[in-house]
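Take a look at this one; I'll ask things after.
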Amino acid sequence: MSSLLFYLLTLITILTATVHTLLFLGRVLKNDALEFYGRFLAGSIALFVCALYGMIASAVLNVVGYGGLGQWTTARAYKWTMLLVTGVWFDIHDGGAPGGGSAGGWLDKTRPAVFVGNHQSELDILSLGHIFPKYCSVSAKASLRYMPLLGWFMYLSKTVFIERASREKALAAFADAAKQMHDARQSVYIFPEGTRSYYDHADLLPFKKGAFHLAIQAQVPIVPVVVANYSHILNVKARRFTTGRIPIKILEPISTKGLTKDDVDDLLEKVRSSMLAELKTLTAEAR
């Protein structure tokens, strides 16, 4: 065990030194690609280290009866680690908080709930590091349960796994997830676009219906989370990754009380429209 830890720390040290060398050369040579690969590598190292921490922390928290905090504590660790290695920060504006800050708002007060956010790039994991509320987990496709390290962490931290092989299995999984949400008062965070958009402007891909089926089955509110377009900070296609601050807006929860599966389409459109309008406003203000 001690040998494994030694080799792990040695590898992390070598990779970290490599990252900072790339960042230094990128700044000196004014080469965006070098900075891009340096920060991307830094983010990958941070993700690996924090996933390892999260697996251990989740196991311990499960033993003492607080397994629902596994992803929250891992998210916070990733938030501070990424600030150190990449210099990227997300500013939270929670409409339900006094003064529009981040404490005591809808993120803290709404539980259980289905949180839905726009999905731009790999950096969205860091946005979760900043906003992830306590007793919340991401949803993930069922096959990830068996992935070494990441899958173990997800399982131990009470991730809601969704079977996507067929509509029938997916709906059955939503019923199980709804029960889990009520029994443990566990919220779920979902990216309804289903995949990263990589847009360089303020826009959303079409939404998938899963998050809205789940919210209605569980009869819990949907909380829209909007992250301003940050392609000026990370643009994967242009190989650009620099430091900066990115605003996030938490919108007012939308109730699903009394809604049925027949209301899914209307609910989806209502949420998407409000998020798109806020995304355009927030991005314009940020730029």
Side-chain angles (χ1 to χ4, degrees), residues 8 11-54 71 74-93 102 117-132 138 140 147 149-150 153 189 191 193-205 225-249 275 278-287:
L8 180 60
L11 175 61
I12 292 173
T13 301
I14 293 172
L15 289 175
T16 303
T18 303
V19 165
H20 285 285
T21 299
L22 288 172
L23 291 177
F24 174 76
L25 290 174
R27 286 192 293 269
V28 171
L29 301 175
K30 297 183 179 179
N31 187 314
D32 288 345
L34 282 176
E35 281 203 69
F36 170 82
Y37 288 114
R39 284 198 170 84
F40 217 88
L41 181 56
S44 299
I45 294 171
L47 183 61
F48 172 77
V49 171
C50 291
L52 183 61
Y53 158 76
Q71 293 192 18
T74 306
R76 291 303 182 268
Y78 187 59
K79 161 186 168 180
W80 293 109
T81 304
M82 282 291 282
L83 176 62
L84 290 173
V85 298
T86 67
V88 177
W89 185 261
F90 287 84
D91 292 312
I92 302 172
H93 305 278
S102 60
N118 53 317
H119 202 7
Q120 300 182 58
S121 77
E122 289 77 4
L123 199 60
D124 290 334
I125 300 176
L126 179 56
S127 71
L128 294 183
H130 285 255
I131 66 172
F132 219 62
V138 296
M147 181 178 291
L149 192 62
L150 179 61
F153 159 62
Y189 196 103
F191 294 109
E193 290 168 281
T195 190
R196 305 174 189 94
S197 66
Y198 294 113
Y199 282 143
D200 60 2
H201 58 283
D203 204 353
L204 297 170
L205 292 170
V225 178
V226 181
V227 181
N229 183 275
Y230 53 71
S231 58
H232 60 299
I233 290 175
L234 173 63
N235 188 317
V236 175
K237 295 178 181 178
R239 298 294 185 267
R240 182 176 61 249
F241 193 177
T242 187
T243 60
R245 303 176 74 98
I246 303 164
I248 300 177
K249 185 71 173 289
M275 289 180 65
E278 184 59 46
L279 175 60
K280 292 179 177 179
T281 299
L282 196 63
T283 300
E285 292 174 352
R287 298 289 175 88

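The structure displayed is predicted, hence computed values, not measured ones.
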- For the pair Ser127 (side chain) and Asp124 (backbone), establish whether a donor and an acceptor sit closer than 3.5 Å, ignoring hydrogens and angles.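 Checking the backbone N and O of Asp124 against the side chain of Ser127, a donor-acceptor pair under 3.5 Å is found.
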
- For Thr242 against Arg39, the heavy-atom pair lying closest together: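 The answer is CA-NH1, 3.9 Å.
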
- Item | Minimum heavy-atom distance Phe36-Leu234, with the two atoms named | CE1-CD1, 3.9 Å

- Begin with the C-alpha distance, continue with both residues' side-chain angles, and end with the deciding distance and a verdict on side chain to side chain contact (heavy atoms under 4.5 Å, CB included) for His130 and Tyr78. CA-CA 9 Å; His130 285 255; Tyr78 187 59; over 6 Å; no

- Query: In Å, rounded to the nearest 0.5 Å, how long is the span from NE2 of His201 to NZ of Lys280?
  - Reply: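 That separation rounds to 8.5 Å.
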
- Rounded to the nearest 0.5 Å, what separation is found between the CZ atom of Phe241 and the CD atom of Glu122?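 Between Phe241 CZ and Glu122 CD, I get 9.5 Å after rounding to 0.5 Å.
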
- Donor-acceptor pair, side chain of Gln120 and main chain of Tyr230, under 3.5 angstrom: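 Yes.
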
- Item | For the student: nearest non-hydrogen atoms of Ser121 and Tyr198, plus distance |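 Heavy-atom minimum between the residues: CB-CE2, 3.9 Å.
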
- Message: Quick check: closest heavy atoms across Val85 and Ala46, and the distance to 0.1 Å?
- Response: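 Residues Val85 and Ala46, closest heavy atoms: CG2-CB, 4.4 Å.
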
- Item | Backbone of Asn229 reached by a side-chain donor or acceptor of Thr283 within 3.5 Å |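 Judged by distance alone, yes, a pair lies under 3.5 Å.
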
- Note on the structure: For Leu282 and Val227, the nearest pair of non-hydrogen atoms, with its separation, is CD2-C, 4.4 Å

- What distance do Ile233 atom CD1 and Arg240 atom CZ have between them, rounded to the nearest 0.5 Å?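 The CZ atom of Arg240 is 10.0 Å from CD1 of Ile233, to the nearest 0.5 Å.
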
- Rounded to the nearest 0.5 angstrom, the OH-CZ distance for Tyr53 and Phe48 is 16.0 Å

- Query: Using the ring of each side chain (for Trp, its six-membered ring), is His119 parallel, tilted or perpendicular to Phe191, with breaks at 30° and 60°?
  - Reply: parallel

- Calculate, to the nearest 0.5 Å, the distance between atoms CG and OG1 belonging to Leu128 and Thr74 respectively. 12.0 Å

- Query: Who passes side chain to side chain donor-acceptor pair (under 3.5 Å) against Asn235, sequence neighbours left out?
  - Reply: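 By the side chain to side chain donor-acceptor pair (under 3.5 Å) rule, Asn235 matches no residue at all.
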
- Task: Grab the two heavy atoms, one from Thr243 and one from Thr86, that are nearest each other, plus how far apart they are.
- Result: CG2-O, 3.3 Å

- Task: Carefully, step by step, assess Phe90 and Ile131 under the rule side chain to side chain contact (heavy atoms under 4.5 Å, CB included).
- Result: CA-CA 9 Å; Phe90 287 84; Ile131 66 172; over 6 Å; no

- Hey, is the main chain of Phe132 close enough, under 3.5 Å, to the side chain of Arg76 for a donor-acceptor pair? yes

- Can any side-chain N or O of Arg239 pair as donor or acceptor with the backbone N or O of Tyr37 at less than 3.5 Å?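 No, Arg239 side chain to Tyr37 backbone: no donor-acceptor pair under 3.5 Å.
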
- Message: For Trp89 and Lys79: C-alpha separation, side-chain torsions, deciding distance, then whether side chain to side chain contact (heavy atoms under 4.5 Å, CB included) applies.
- Response: CA-CA 8 Å; Trp89 185 261; Lys79 161 186 168 180; 3.3 Å; yes

